[in-house]
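Report on one structure; see the data block that follows.
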Amino acid sequence: MLHEILLSLSGHPSPLLRSTDAESHARAGITPPERQLLASAAHLSDIHVKLLTYTSQISSSHPSAICRAVAAAVSSVHLAAFQRKVLEVEESILKDDPELVGAYNIVPLTAIMAEFKQWTRRMEWLWEVVQYMMAREKDGTACQGAELINRLRRELQSGYQDVADTALNLVTMAETAWLKQVSAWVLYGRLPDFGGDDFFVQKSQAAQEVCIPTFPSRVHADGAQDFVLLRERLPSFVTATTASSMLFIGKSLNHVRVMGDMNAGLGGLRHVSSKLAELGRLTFPLNGAAFARTVTSIRLSLSENTLQKILPLARVVEMLRLFREFFLLGRAEFALALTHEADEKIRHRWRRAGNLAYEKDDSLKNVTVKDGEVAAVLNRTWAVLASMQGNHAEEDELLELARDVLRLQLTKSRPPTPMSGGRGLGPDAIKLLEDSPFRNMLFSVPAAVVVELPSPLDMVIAPSDLQIYSCINSYLLSLRRAHIRLTDLWKITSLRRHHPAPPGAGEHAALLRQRWSARSLALRSSWTTASAAIFFLGETEAYLQTEIVEGMWETFSAWLMGTESRRDVPNTARSGAATPALHATQRPESDDEDLFLEDWDSKNVRQASRSTKKPAHDPQTLSAAHTLYLRTLVHRLLLTQPSFTDPLYALLVHIDHLVAHVQRLHSIYTSIDLETDAGVVDAFVDLEREEREVMALLRGVEGRVRKGIEGVVEALRNLENDTDFLAEWESQGMMTDDDDMSAGQRYAPGRIGGVNRLLMKLDFGSWLGNRTDDWEAHE
């Protein structure tokens with residue numbers, strides 16, 4: 001009987017421990033207390049047999065390398081220990097150990113089962129772990145290694161010491177297998193050859209839908225493959241910042257390998273071995289802070305030894321300056337030339353189509369524009385800008401770079417890559433940006449300025465950032481275009497002023513003067529409405545460009561170059577932590593000031609400026625700071641507030657109608673003058689009827705422009721009183737890039753702008769809203 005029990009506990013089925021009716025005669029002489037003990041032995045034996053069977057199956061066929069490692073550890077460590085315990089009990093019986101063998105060589109069953117009592121809870125817990133790994137396979141989805149690691153780490157706090165010790169051993173095995181995969185990625189930029197489907201980094205594919213695409217799916221021009229980060233496949237102790245760093249390290253190494261520098265890596269085999277040893281010094285279970293420090297060390301080593309050679313800071317700054325000058329309209333002549341060339345192209349299309357009377361409709365007609373024509377508009381814009389440059393070599397270099405990488409294209413024929421979210425930009429905001437209507441303003445069809453970013457700059461500037469730049473550019477360019485078109489109306493001299501006739505001009509001069517006076521009186525409300533719109537656009541553009549765009553760029557470029565932003569000087573001076581330069585410039589002036597002391601101070605200032613070491617930002621820190629800068633800029637420009645952008649877009653459309661009707665009326669007046677004064681008659685056109693129709697349309701659009709201005713201002717007032725909006729505004733100003741630098745070196749957008757500042761400027765034009773009676777009188 002003892003032999004049967006020990007064999008059964010070793011994993012061999014025994015009839016003695018079975019309770020079927022067919023074999024009940026084998027247990028006929030066993031008392032009820034003994035049957036209870038045998039039931040415990042049968043339960044332990046059954047669990048042992050199942051563990052042997054399923055751990056062997058998992059370790060040989062499971063797609064996750066981590067699950068295989070855990071199953072192998074269960075079999076080779078814990079089940080092997082149980083087997084040794086069975087052999088130890090058998091050996092003790094054979095040696096007549098008094099702890100088990102009593103008088104007359106009697107071995108109590110209770111003594112034997114007492115030896116295995118401590119194993120019951122442990123084996124049951126191991127069976128639960130194995131069932132967890134198998135349950136997902138039955139559902140058709142394999143158990144992920146990160147899920148298993150998280151479960152085992154939770155079991156460390158179970159309260160049972162034996163379970164905690166067993167869980168610690170399995171956690172060590174699981175995290176060791178996971179760390180080997182991580183080492184291959186962060187040291188060599190290679191995905192795991194086995195168990196890659198379980199890894200948190202995957203090659204980007206269009207079919208992958210359940211992921212967080214840090215870098216959207218595409219293949220670089222140099223052949224490098226993009227990768228995506230699957231956050232749900234990361235253990236819980238890995239923070240989002242650490243995960244982004246690991247993704248960036250592997251992507252960078254993949255870039256280096258594709259570019260042909262196979263031996264660069266982290267700077268040679270010595271650096272790789274040192275970082276591998278640093279990973280090997282980590283203790284299990286892995287500590288999140290210690291693991292993050294190790295990953296940061298690898299990232300900084302990669303930046304110092306490799307990335308600074310292939311991606312110097314000057315090249316990044318040059319590309320960011322290009323975005324500032326052309327996408328954010330820092331170079332005003334670019335917007336002016338692009339708007340002019342686009343309008344000329346549309347007018348040419350209207351003339352060819354014979355659609356000169358398009359203004360009769362209440363909405364702009366969609367004009368068929370081809371990709372080649374849109375590209376030609378940008379080419380002519382470059383030609384105009386080149387003729388304006390002169391001999392400024394630095395500006396010429398930036399212009400040449402812009403000509404190489406910027407493209408103007410129709411977005412309908414080239415649907416953009418889905419924009420990725422992230423910190424500071426939720427799904428609702430992404431939807432608003434993707435559906436932004438401002439790209440329709442330039443050609444009346446969706447068109448946008450895009451950039452073909454050369455490698456390896458795409459390690460710092462993500463494709464989603466490029467889409468955000470295009471969206472901001474369409475937004476700012478629409479405002480600038482409306483402003484330019486309105487001010488161009490003042491260039492139509494014949495509508496705006498009438499030169500007095502010389503003495504003795506006769507009745508014809510009086511007739512001309514009377515004709516101009518009647519037209520001037522009829523267009524008075526139009527000029528007043530246009531002036532109001534110009535005032536609104538001017539103040540709004542000044543706020544967006546000077547307060548927001550320029551302020552954000554100043555703080556970001558100051559952080560980028562390691563200098564001090566002018567906006568930070570007053571705060572620094574008030575805090576008493578001014579630099580020597582500030583002390584020198586803020587010393588009170590006096591008539592008897594010591595010139596030698598002033599010269600000594602200026603020398604100290606120059607020495608301090610030379611001794612100041614600019615922070616060497618690694619590419620991932622640059623990428624995180626740039627993403628934060630760009631997403632904060634989107635919020636500051638109110639692009640994520642449809643209550644403001646919707647009425648603003650409607651206003652810009654109405655302004656387009658106003659300009660078009662005034663220009664059409666001018667052409668009608670010119671034709672009437674030719675018919676009256678020179679006898680040039682067009683029998684197919686009724687000029688008087690067209691004049692009445694256009695004038696009626698002009699009166700209607702004037703009212704819509706005035707109401708549109710009032711609607712946008714009212715939307716701003718509502719935002720000023722919206723507590724949720726103000727809280728979001730404040731939180732955006734307090735955000736940092738969450739890198740591993742000290743607090744003084746982190747990029748923080750700062751509290752720039754404020755809707756109340758724009759409203760304060762627009763309130764000076766509130767008198768325009770009180771002239772409704774005058775406008776209606778002229779109507």
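Values below: every heavy atom of this structure, side chains too, minus hydrogens, waters and symmetry copies.
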Got a sec, which residues hit side-chain contact (heavy atoms from CB on, under 4.5 Å) with Glu341, two or more places apart in sequence or on another chain?
-> Val377, Arg380, Thr381, Val384
Could you tell me whether Arg519 and Asp673 make a salt bridge, using a distance below 4.0 angstrom between a side-chain N and a carboxylate O?
-> yes
Starting from the C-alpha separation in whole Å, work towards a yes-or-no answer on salt bridge (charged side-chain N to carboxylate O under 4.0 Å, His left out) for Glu702 and Arg699.
-> CA-CA 5 Å; Glu702 287 173 9; Arg699 291 291 179 262; 3.1 Å; yes
The salt bridge (Lys or Arg N to Asp or Glu O under 4.0 Å) partners of Lys707 (sequence neighbours excluded) come to none
To the nearest 0.5 angstrom, please state how far the CG atom of Leu479 sits from the CZ atom of Phe536.
-> 7.5 Å
Any residue meeting side-chain hydrogen bond (donor to acceptor under 3.5 Å, both in side chains) with Thr640, in chain and number order, not counting sequence neighbours = His635
Applying side-chain contact (heavy atoms from CB on, under 4.5 Å) to Pro312 and not counting sequence neighbours gives Arg315
Do the charged groups of Arg324 and Glu550 touch, with an N to O distance under 4.0 Å?
-> yes
Chi angles and distances behind the ring pair (Phe, Tyr, Trp, His ring centres under 6.0 Å) call for Phe334, Trp382 = CA-CA 8 Å; Phe334 173 70; Trp382 297 135; 5.7 Å; yes
When Val705 is tested against each of Leu651, Val653, Leu652 for side-chain contact (heavy atoms from CB on, under 4.5 Å), which residue passes?
-> Leu651
Heavy atoms, side chains only, cut-off 4.5 Å: are Ile709 and Thr529 in contact?
-> no
Inter-residue atom distance Leu759.CG - Glu539.CD, 0.5 Å rounding = 12.0 Å
Which is it for Asp722 and Arg717 under the salt bridge (charged side-chain N to carboxylate O under 4.0 Å, His left out) test, yes or no, and what are the steps along the way?
-> CA-CA 9 Å; Asp722 189 347; Arg717 290 196 176 97; over 6 Å; no
Any side-chain heavy-atom pair from Pro446 and Phe438 closer than 4.5 angstrom?
-> no
Between His626 and Tyr469, is the ring centre distance below 6.0 Å?
-> yes
For Asp428, salt bridge (Lys or Arg N to Asp or Glu O under 4.0 Å) partners two or more places apart | none
Check whether any side-chain heavy atom of Leu322 sits under 4.5 Å from a side-chain heavy atom of Leu406, and report yes or no.
-> yes
Can you see which heavy atom on Gln545 is nearest to which on Leu476, and at what distance?
-> NE2-CD1, 3.7 Å
Asp404 backbone acceptor or donor facing Arg407 side chain under 3.5 Å | yes
Looking only at non-hydrogen atoms, find the nearest pair between Ala715 and Phe644 and report the distance.
-> CB-CA, 4.2 Å
For Ser667, side-chain contact (heavy atoms from CB on, under 4.5 Å) partners two or more places apart | Arg664
Do the charged groups of Asp458 and Lys251 touch, with an N to O distance under 4.0 Å?
-> no
Give the intermediate values and the outcome of ring pair (Phe, Tyr, Trp, His ring centres under 6.0 Å) for residues Phe327 and Trp553.
-> CA-CA 12 Å; Phe327 279 88; Trp553 169 251; over 10 Å; no
